[in-house]
> 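Mind looking over this structure? Questions follow.
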Number of protein chains: 2
Amino acid sequence: MTNTRGKILDKALEMFNERGIEYVGLRELAAVLGIRVGNITYYFATKDDLVFELSQQLSKANAEIIFVDENITMTGFLEMLNRVYLNQVKFRCLLLSFVHVMEQNKLVAAAYKTTQRNRNATISANIGKLAASGYLDLKNDEEQDFLVSTLALVSRFWISEAAISFAHLSSQEQIRHYLRLAGNLLIPYATAKAKRQIRDFLSTGQLASIS
Amino acid sequence: MTNTRGKILDKALEMFNERGIEYVGLRELAAVLGIRVGNITYYFATKDDLVFELSQQLSKANAEIIFVDENITMTGFLEMLNRVYLNQVKFRCLLLSFVHVMEQNKLVAAAYKTTQRNRNATISANIGKLAASGYLDLKNDEEQDFLVSTLALVSRFWISEAAISFAHLSSQEQIRHYLRLAGNLLIPYATAKAKRQIRDFLSTGQLASIS
DNA sequence: CATGAGTTAGGACATTGTCCAAATGTAAAA
DNA sequence: TTTTACATTTGGACAATGTCCTAACTCATG
């Protein structure tokens, strides 16, 4: 992006990620960009609008990753999770201010509601496919709901816990920890071939971190 | 509490819980109390100091609940979790701004570090007792670490997820949902008698909500 | 060159947390 | 009772924030 709007978005994401959305003022952002505050408000009437645009970028990036895969394997499922986690690192400022943003920013809140409904349905469908394909042994709907609920909770808040409790670890190490957690969550319900894929993925299969 | 300091703390907690720490200004708090802003800063030099005091109250309340019980049962463990969740509802403003507070408030962050270390150790010890007493069947340390890690994550962030996704439910219903989640998490490792206690607790045993 | 839409600059505004000096209240000492 | 010393409360100042508005500038098009 070479235009002003794009520059604002890029630098805002960079600074928000480093120091937190609430702690980066528009004047400081403007100063770093060598422009005036009024110029930012020309493109984004409010700071919320700027944050909303970033949340849309994350949403779009996730949409390219999360879909119902008819031929999903346990390895594929974990890779999908891995890719989502990597996206979340890129937009970590949003997830670290998750509750705050959702309470304040009506735009983001409204968009999230619909996105999240689809997302949970997709995860649920994939878990169902894994069961149908002999990767998971689920006795009833409650077991499936439990897995989906827990995976959703972990996926939403792992980065918040990591920021507080595992700040000394790299993003890649943090992701490894929470992928391991997800894997352990699935293991009691995993068939033999699924267990092999989980153990294999956790020991060698992690995707490369972002640049 | 009839003194000014106590009144400030009580009303602040009430308003923070209702509308969020970030959205209640000191002037509004002072106005509701019928005092001046400077009077608040006399007792709490900064807003962070006020928040820190509230976090100490939560810490103290939890300390009375969370301890290593030599004769712990599965029912007792779930009751302990239930009591912690009820405490968290009382101080939900702190948990909803968890990451935010930890990033900004050095006092709270420092206190939390040591508290959390002890707390995780205590939970881990109780899980160990459950295994020793024939409630849990843990094959290795990794299984125990997994349970402790996941329980810690859920216990820290359930209220944040509930505020966003289950705002239409009462606190008691929210707690029921996350106690069920914790129960389901334990079930694959639970012995027969533990399974009975879990199912029994989830169907009838939930503690009453706060007034 | 002139026009007009798009863009940028600069400053005003209300609100926030913080800080301070003066005024007031209170309770023990003289 | 009066004085003194300390605790409490007041009222306003301060810098920083997000938001808003008007004037100035840029630049392709007629």
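Chain letters run A, B, ... following the sequence lines, proteins first and then strands; every chain starts at 1. Just the heavy atoms: all of them, side chains too, but no hydrogens, waters or symmetry mates, feed the values below.
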> For the residue pair A:Phe98 and A:Phe157, does the interplanar ring angle fall in the parallel (under 30°), tilted (30 to 60°) or perpendicular (over 60°) class?
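Perpendicular: the ring planes of A:Phe98 and A:Phe157 meet at over 60°.
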> For A:Asn3 and D:dC27, what is the distance between atoms CG and C1' respectively, to the nearest whole Å?
17 Å
> Residues from residues 104-111 of chain A sitting under 4.0 Å of DNA chain C, heavy atoms only?
none
> Give me the one residue out of B:Gln116, B:Lys113, B:Arg156 that meets side chain to side chain donor-acceptor pair (under 3.5 Å) with A:Ser165.
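Exactly one option meets the side chain to side chain donor-acceptor pair (under 3.5 Å) with A:Ser165, and it is B:Arg156.
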> Please name all residues satisfying ring pair (Phe, Tyr, Trp, His ring centres under 6.0 Å) with B:Tyr85, sequence neighbours left out, ordered by chain then number.
B:Trp158
> Of the options D:dT8, C:dT8, D:dT10, whose atoms approach the side-chain atoms of A:Tyr42 most closely?
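Looking only at heavy atoms from C-beta outward on A:Tyr42, the closest nucleotide is C:dT8.
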> Between B:Arg176 and B:Glu173, does any NZ, NE, NH1 or NH2 come within less than 4.0 Å of an OD or OE carboxylate oxygen?
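Judged by the 4.0 Å cut-off on N to carboxylate O distance, B:Glu173 and B:Arg176 do not form a salt bridge.
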> Roughly how far apart are B:Leu179 CG and B:Leu78 CG, rounded to 0.5 Å?
7.0 Å
> Judged by modelled atom types alone, do A:Glu103 and B:Tyr23 share a side-chain donor-acceptor pair under 3.5 Å?
no
> Within the pair A:Asn39 and C:dT7, is there a side-chain N or O less than 4.0 Å away from OP1 or OP2?
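Checking C:dT7 against A:Asn39, no side-chain N or O comes under 4.0 Å of OP1 or OP2.
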> With side chains defined as the heavy atoms from C-beta onward, is the minimum distance between B:Tyr43 and B:Leu9 less than 4.5 Å?
no
> For DNA chain D, which residues in residues 11-30 of chain B have a heavy atom at a distance below 4.0 Å?
B:Arg27
> Starting from P on D:dT8, measure out to CD1 on B:Ile35 and report it in whole angstrom.
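Between P of D:dT8 and CD1 of B:Ile35: 13 Å.
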> Would you list the atom pairs, donor with acceptor, under 3.5 Å between side chains in residues 51-64 of chain B and any protein atom, with sequence neighbours excluded?
| from | atom 1 | to | atom 2 | distance (Å) |
| --- | --- | --- | --- | --- |
| B:Glu53 | OE2 | B:Arg5 | NH2 | 3.3 |
| B:Ser55 | OG | B:Phe52 | O | 2.7 |
| B:Asn62 | OD1 | B:Asn87 | ND2 | 3.1 |

> Any non-hydrogen side-chain atom of A:Leu186 less than 4.5 Å from a side-chain atom of A:Met74?
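A:Leu186 vs A:Met74: side chains touch.
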> Determine: side-chain N/O of A:Arg36 to OP1/OP2 of C:dT8, distance under 4.0 Å, yes or no.
no
> How long is the line joining CD1 of A:Ile40 and P of D:dC21, in whole Å?
18 Å
> What distance do A:Tyr189 atom OH and A:Leu130 atom CG have between them, rounded to the nearest 0.5 Å?
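With rounding to 0.5 Å, OH (A:Tyr189) is 14.5 Å from CG (A:Leu130).
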> In Å, rounded to the nearest 0.5 Å, how long is the span from CZ of A:Arg180 to OG of A:Ser203?
8.5 Å
> Are the charged groups of B:Glu28 and B:Arg19 less than 4.0 angstrom apart, N to O?
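Looking at B:Glu28 and B:Arg19, the cut-off is met.
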> Given axes from five pairs at either end, by how many degrees does the helix from C:dC1-D:dG30 to C:dA30-D:dT1 bend, rounded to 10°?
30°
> Is the phosphate of D:dT9 approached by B:Thr4 (side-chain N or O, under 4.0 Å from OP1 or OP2)?
yes
> Which distance, rounded to the nearest 0.5 Å, do you find between the CG of B:Asp10 and the CE of B:Met15?
13.0 Å
> Of all of residues 46-57 of chain A, which get a heavy atom below 4.0 angstrom from DNA chain D, listed by number?
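Within residues 46-57 of chain A, the residues near DNA chain D are A:Thr46, A:Lys47.
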